[in-house]
Structures are given as structure tokens and as C-alpha cells.
Amino acid sequence: MPEKVIIIGSGPSAWTAAIYAARAELKPLVFEGAITQENQQNGTLPLGQLALTTEVENYPGFPAGDLEHYLDDSIDKQQRQIMPPHQKEGVSGPELMELMRQQAKNFGTRVITDEITEVDFTGQPLKLTASDGSVQEAHAVIVATGARANYLGLESENRYKNLGVSACAVCDGALPRFRDKPLVVIGGGDSAVEEADYLSKFASTVYMIHRRDELRASKIMAQRAKDNPKIEILWNRVVDEVLGDDTSGVTGVRLKSTTDEDDLEVEASGMFLAIGHTPNTEFLRGKLDMHPSGYLKWTKPFRTYTSAEGVFAAGDVADDYYRQAVTAAGTGCMAALDAERWLAAKGL
Ligand code: NAP
């Protein structure tokens with residue numbers, strides 16, 4: 001028997017879709033992704049991008065406060081044991097994701113820790129192949145695979161991945177190699193400020209390298225960067241080469257000017273990227289209509305329908321504009337309602 005609905009992904013959109021689908025008695029099955037070294041390196045492990053952040057200050061319903069007892073009480077003990085310790089400053093990204101996952105499971109959602117590598121959306125039932133080769137059939141599919149962090153694409157950057165080059169300050173920032181050392185963060189958006197602010201707890205100085213003379217970050221975040229005495233912004237600069245050697249890893253960066261200044265070398269033992277994201281849609285190429293950037297196209301205004309019958313998209317995988325936890329959760333809810341109504345209309 002095909003499943004009624006399979007959800008691919010494990011960020012806020014996926015779990016919200018699962019909560020709604022489960023409560024509609026669609027018995028959702030979630031493929032939450034695989035725990036592999038490649039996914040660790042690409043930032044595509046289960047629980048998505050929020051699991052790679054610190055405090056979440058803008059998700060409604062979670063003001064600052066000590067959630068310790070709530071977490072102990074709400075989350076499955078086994079899962080709770082492997083979570084990072086609670087910081088008593090409101091909810092963190094990993095905590096929020098564990099809470100959403102737990103909520104979905106409480107209503108009967110089944111979870112498989114593997115990823116879908118191939119799809120056949122040409123007719124009913126829809127077919128999904130997992131990385132272990134098993135094939136699952138479903139009448140409806142919700143794609144909620146999100147997006148991952150971008151890298152600059154320099155050869156020298158690639159050479160020093162895991163040797164000082166990272167796209168996740170929260171995952172790697174506390175490593176001994178970065179303690180009390182100067183570090184660089186690339187980018188001028190909210191993520192760059194967030195990473196720089198976080199790294200400033202460990203580093204001697206954090207240089208934010210931005211290619212223009214004005215931050216893209218929101219006013220409140222830009223002010224946070226300016227107010228932090230450990231953050232120095234180097235304007236109108238791009239990385240030309242990551243400097244280092246095989247034993248020490250990253251030792252610095254050579255920066256080109258985007259105006260007319262001379263090259264500049266900055267000593268640093270780490271380079272953290274915060275330059276935007278790429279949607280996780282490679283396995284859907286040729287199967288669903290996408291924008292040239294790879295983000296999935298919604299085919300009906302303000303609905304989560306895609307170009308394939310019975311396939312819906314939610315969260316960052318179809319949103320290169322808002323990209324917030326709360327908007328992802330919102331579209332996850334929409335996708336579950338769209339799928340439920342579509343299944344009912346088809347009598348499936
Ligand atoms: P973003 O807003 O797209 O910013 C990306 C930054 O990287 C921009 O400053 C961009 O420069 C720069 N950049 C892009 N490609 C580059 C390249 N090849 N070389 C050098 N610099 C490059 O992405 P984001 O900061 O990840 O934020 C994404 C969304 O998440 C936003 O909606 C943001 O508000 C949200 N977010 C919110 C929070 C929060 O509120 N706490 C935290 C994190 C993210 P230009 O400015 O010149 O384009």
C-alpha cells in the first residue's frame with residue numbers, strides 16, 4: 001500500500017507539515033536525512049539549518065527564559081541526552097528542532113533517518129528511492145529539504161575545509177584552534193553578524209569581510225556588530241586566497257579590494273563563510289520546475305503546489321526571499337493542508 005504522504009526534510013517546514021498531516025490522520029512518514037560525513041561537511045545533516053544556530057530570538061512563543069525543565073519534560077529521554085546543554089537564554093535552534101520533531105512524533109509521525117536520492121513523479125503512486133536503495137511509494141509528497149550554506153569556490157578554501165575553513169561557527173567555533181586567535185567571517189548579512197558575534201566569545205578579534213561599504217544585515221543586527229568591541233569590519237574587500245599550511249591549517253587570508261585599494265593580508269586561524277545559501281534540490285533536477293537558482297517553483301499563487309501532481313513544496317527549498325524559521329513553519333502547514341485537500345479531492 002502506498003503511503004498517503006511522505007515528507008522529505010527535517011527543518012521547521014517538514015515538522016510542521018508532519019504535525020498537521022498526522023493530526024489529519026494521514027500517517028505521515030518523514031525522511032529526515034542521513035547522518036554522513038558528507039552531510040556534516042555540507043551542513044545538510046538532519047534537523048536542518050536551525051540545528052546549526054544558537055539562540056532563536058524571533059520565533060514567536062519563545063521569549064528569553066530558562067526552558068530546562070520544559071525540555072527535560074517534553075523530549076524523549078534518549079534524544080534529550082544527546083542534545084547540547086541548555087544555555088538559559090531562551091530557546092536555541094537545536095532545541096526548537098528537537099521540540100518540533102518530538103511534537104510530530106507525539107501525533108504518530110514515523111521517522112526514517114535516511115535521505116531520498118531519486119524520485120519518479122511521472123504518475124501515481126509517486127516513487128521515492130532512499131540512499132539504501134529501498135523504494136517507497138506515496139500518493140502525496142511534501143518536499144522540505146531546505147537550503148545549505150554557500151562557499152566561495154576557491155581552490156585554497158577547499159584545501160583548508162576542516163582545517164580552519166567552516167560555514168558553521170556554532171558547530172566549529174569552540175574548537176581549540178580558534179581560541180584567542182583572530183578569525184575572519186565572510187559576508188555582510190544577518191548570518192555574518194550572528195557568526196561574528198558568536199565567534200567573538202572565543203576569538204581575540206573577528207574581522208568581518210564585506211564586499212561593499214554597507215551591511216545587508218537588519219538594523220538591529222548591524223548595530224550588534226558595531227557595538228561589539230571584538231568585531232572589526234573590513235569594507236570593500238573579497239578573499240583572493242586562503243593562506244595556510246598542512247600542519248597549522250589556515251593562517252590568514254589575502255584580500256582584494258573591490259575599490260582601488262592595495263591587497264591586504266590578514267592573519268587569522270579560521271575563515272567562516274556566511275554568504276548565503278543553495279537549495280537542496282539536486283535530486284529533483286528535471287523532475288520539478290525550478291528557478292535558475294535551483295529553488296522550487298510554486299505553480300499556483302499562494303499555494304504550495306509544484307509542477308508535479310501530488311507534490312508540494314515547503315520552507316526554504318521554495319523560498320529564497322523570507323527564509324525564516326517561522327515562514328518555513330507556515331508554509332509547512334500550508335503544504336500539509338494542500339496535500340490533505342488534494343488527497344480528499346482525488347479520493348486517495
Ligand atoms: P544574505 O542576507 O543573502 O547575505 C549574504 C551576504 O553575503 C551578503 O552580505 C552578500 O553581499 C554576501 N555575499 C554573497 N555572495 C558573496 C560572495 N561570493 N563573496 C562575498 N560576499 C558574498 O544571507 P544570510 O545572512 O544568510 O541571511 C539569509 C536570511 O536569513 C535573511 O532573510 C536573514 O534576515 C535571515 N537571518 C536572520 C537572522 C536573525 O534575525 N537573527 C540570522 C541569520 C539569518 P551583498 O550584501 O553585497 O549582496
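For ligands, and for the atoms within them, numbers begin at 1 and follow the listed sequence.
For atom 9 (O) of ligand 1, the closest heavy atom belonging to the protein is G188 N, 3.0 Å. At the top of the distance list for atom 23 (O) of ligand 1, counting protein heavy atoms only, stands G276 CA, 4.1 Å. Among all non-hydrogen protein atoms, the one lying nearest atom 28 (C) of ligand 1 is R323 NH2, 3.7 Å. What sits closest to atom 4 (O) of ligand 1 on the protein, heavy atoms only, is R216 CD, 3.6 Å. The protein atom (non-hydrogen) at minimum distance from atom 39 (C) of ligand 1 is N58 ND2, 4.1 Å. Here the heavy atom of the protein found nearest to atom 19 (N) of ligand 1 is L152 CD2, 3.6 Å. Of all protein heavy atoms, the one lying nearest to atom 44 (C) of ligand 1 is S191 OG, 3.4 Å.
The ligand atoms of ligand 1 that sit less than 4.0 angstrom from a heavy atom of G189 are 4 (O), 6 (C), 9 (O), 25 (O). Atoms of ligand 1 lying under 4.0 Å from any heavy atom of H277, numbered from 1 in the order shown and given with element: 26 (O). Remark: ligand 1 atoms within the under-4.0 Å shell around heavy atoms of M221 are 41 (N). Interface atoms of ligand 1 facing H210, defined by a heavy-atom separation under 4.0 Å, are 9 (O), 11 (O), 45 (P), 46 (O), 47 (O). Close contacts of ligand 1 with Y322, meaning ligand atoms under 4.0 Å from a residue heavy atom, involve 32 (O).
Side-chain contact of H86 with E95: a donor-acceptor pair under 3.5 Å is present, judged by distance alone. Side-chain N/O atoms of S257 and N236 include no donor and acceptor closer than 3.5 Å. Looking at T145 and N280, their side chains never bring a donor and an acceptor atom within 3.5 Å of each other. With 3.5 Å as the limit, one finds no donor-acceptor pair spanning the side chains of N42 and T44. Looking at Q324 and D319, their side chains never bring a donor and an acceptor atom within 3.5 Å of each other.
Every N/O-N/O distance between V238 and ligand 1 stays at or above 3.5 Å. When only interatomic distances are considered, the shortest N/O to N/O separation between R212 and ligand 1 falls below 3.5 Å.
Neither the backbone nor the side chain of L215 has any atom closer than 4.0 Å to an atom of ligand 1 (non-hydrogen atoms only). Of the heavy atoms in A274, only backbone atoms (N, CA, C, O) come closer than 4.0 Å to ligand 1.
When side chains are defined from C-beta on, L99 counts as touching L71, because their heavy atoms get closer than 4.5 Å. Residues W15 and V30 have side chains in contact (heavy-atom distance under 4.5 Å, counting atoms from C-beta outward). At least one side-chain heavy atom of K105 sits less than 4.5 Å from a side-chain heavy atom of V111. Counting only heavy atoms from C-beta outward, the side chains of H277 and R148 never approach each other to under 4.5 Å.
Screening residues 293-306 for side-chain hydrogen bond (donor to acceptor under 3.5 Å, both in side chains) gives T304-D338 as the qualifying pairs, with residues at least two apart or on separate chains.
The heavy atom nearest to atom 10 (C) of ligand 1, out of those in Q324, E57, M208, R211, is found in R211. The residue from T327, I275, D197, D190 that puts a heavy atom closest to atom 14 (C) of ligand 1 is I275. Closest heavy-atom approach to atom 41 (N) of ligand 1 within the set E194, R224, Q49, E214: this belongs to E194.
Listed by chain and number, the residues in a disulfide bond (SG atoms under 2.5 Å apart) with C168 are C171 (sequence neighbours excluded).
If you take CG on D180 and OG on S204, they are separated by 7.0 Å, rounding to the nearest 0.5 Å.
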